[in-house]
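Scroll down for the structure; my scribbles are underneath it.
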Amino acid sequence: MNPKRRPLIAGNWKMNHGGKTAVELASGVAKLTASFDKVDVVVCPPYTALAAVVGAVRGSRVEVGAQNVNPKPSGAYTGEISPPMLNDVGVSWVIIGHSERRQYYGETDGGVADKTRAAMEAGLRPIVCVGELLDERERGETLSVVKRQLNAFSSILADKPGFGAIAYEPVWAIGTGKNAGPAEAQEVHAMIRARLREISAALADQTRILYGGSLSPKNAKELLAAPDVDGGLIGGASLKAEDFARVAEEAQRG
Ligand code: PGA
């Protein structure tokens, strides 16, 4: 981490805790992170729990994000949720381009860019995800793949330093218990920041680049110590308030 940037710890609940247990989990996170004044904490429940979780964390440090968004404001798009709808329920963040959406729901680099633009126009703060597959890493293509994914949306950010965050999530590390090492993560984070610097120094200095992929209380300290890692996007370990708060605590310690 770098003291110039405030760390951000976000929990991606995926398709878990969409009902009554969501309020319990969110309230637990709010309670356990109440004294953490040096870190931004975001939880991203499923759509069905967004309104309840916004209510549960009201008055706390915790902010709420969605896990996806449709770029259109309204219309005949059965099953979809738009940026203004997220605004309406009090959501301030949204995860865009998660690898599970790219892999299972055909999201493309272009689609990710459209969603990022639409979310920002609606005043939402995107957490845009990038990351290579295992075979891409094995072929030595990690940096070129991530650069391609980044180039698809980075120009949208030009005059928006501090717009939100970028999450580097190596796909082989997601949900596998196999995290990238701090040096592996740092290499990619540094490349992302260098690319942002080509757009503007403010964008590079202010953008928080999160690491995601089996981030847990066990490895948070060493990963967050990497100079270009500004926080984390956490799946599995965000489903227990204690584990998630312990990662946030590492970020709070700096
Ligand atoms: P994980 O998921 O922490 O369970 O690996 C991270 C993510 O998919 O955002």
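Just follow the structure's listing: the first ligand is 1, and inside any ligand the first atom is 1. Remember, predicted model here, so these are calculated numbers, not experimental data. Throughout, numbering of the chain's residues begins at 1 and tracks the sequence.
Looking at atom 4 (O) of ligand 1, its nearest protein heavy atom turns out to be G236 N, 2.8 Å. The nearest protein atom to atom 6 (C) of ligand 1, hydrogens excluded, is given as G235 N, 3.5 Å; this is a heavy-atom distance. For atom 9 (O) of ligand 1, the closest non-hydrogen atom of the protein is E169 OE2, 2.6 Å.
Atoms of ligand 1 found under 4.0 Å from any heavy atom of H98 (numbered from 1 in listed order, with element): 7 (C), 8 (O), 9 (O). Listed by number with element, the atoms of ligand 1 under 4.0 Å from a non-hydrogen atom of K14 are 2 (O), 7 (C), 8 (O). Residue G213 has at least one heavy-atom neighbour below 4.0 Å for each of these atoms of ligand 1: 5 (O).
Within the structure, the closest approach of A173 to ligand 1 falls below 4.0 Å when heavy atoms are considered.
Ionic pairing of R102 and D109 is present here: one or more N-O contacts between side-chain nitrogen and carboxylate oxygen are shorter than 4.0 angstrom. With respect to R139 and E141, a salt bridge is recorded, a charged nitrogen being found less than 4.0 Å from a carboxylate O.
In terms of polar-atom proximity, S214 is counted as a contact of ligand 1, with an N or O under 3.5 Å from an N or O of the ligand. Between T176 and ligand 1, no pair of N/O atoms sits closer than 3.5 Å. Taking any N or O of G175, backbone or side chain, at least one lies under 3.5 Å from an N or O belonging to ligand 1. In terms of N/O distances under 3.5 Å, ligand 1 is not approached by A237.
E169 and H98 share a side-chain donor-acceptor pair at under 3.5 Å. A donor-acceptor contact closer than 3.5 angstrom is absent between the side chains of E184 and N179. Using a 3.5 Å distance cut-off with no hydrogens or angles, the side chains of Y168 and Q149 do not pair a donor with an acceptor. K115 and N70 share no side-chain donor-acceptor pair at under 3.5 Å. Side-chain atoms of Q186 and D228 form a donor-acceptor pair, as typed in the model, at a separation below 3.5 Å.
When heavy-atom distances to ligand 1 are checked against a 4.0 Å cut-off, I174 comes that close through both its backbone and its side chain.
Atom CG of L210 is separated from atom SG of C129 by 8.5 Å, given to the nearest 0.5 angstrom.
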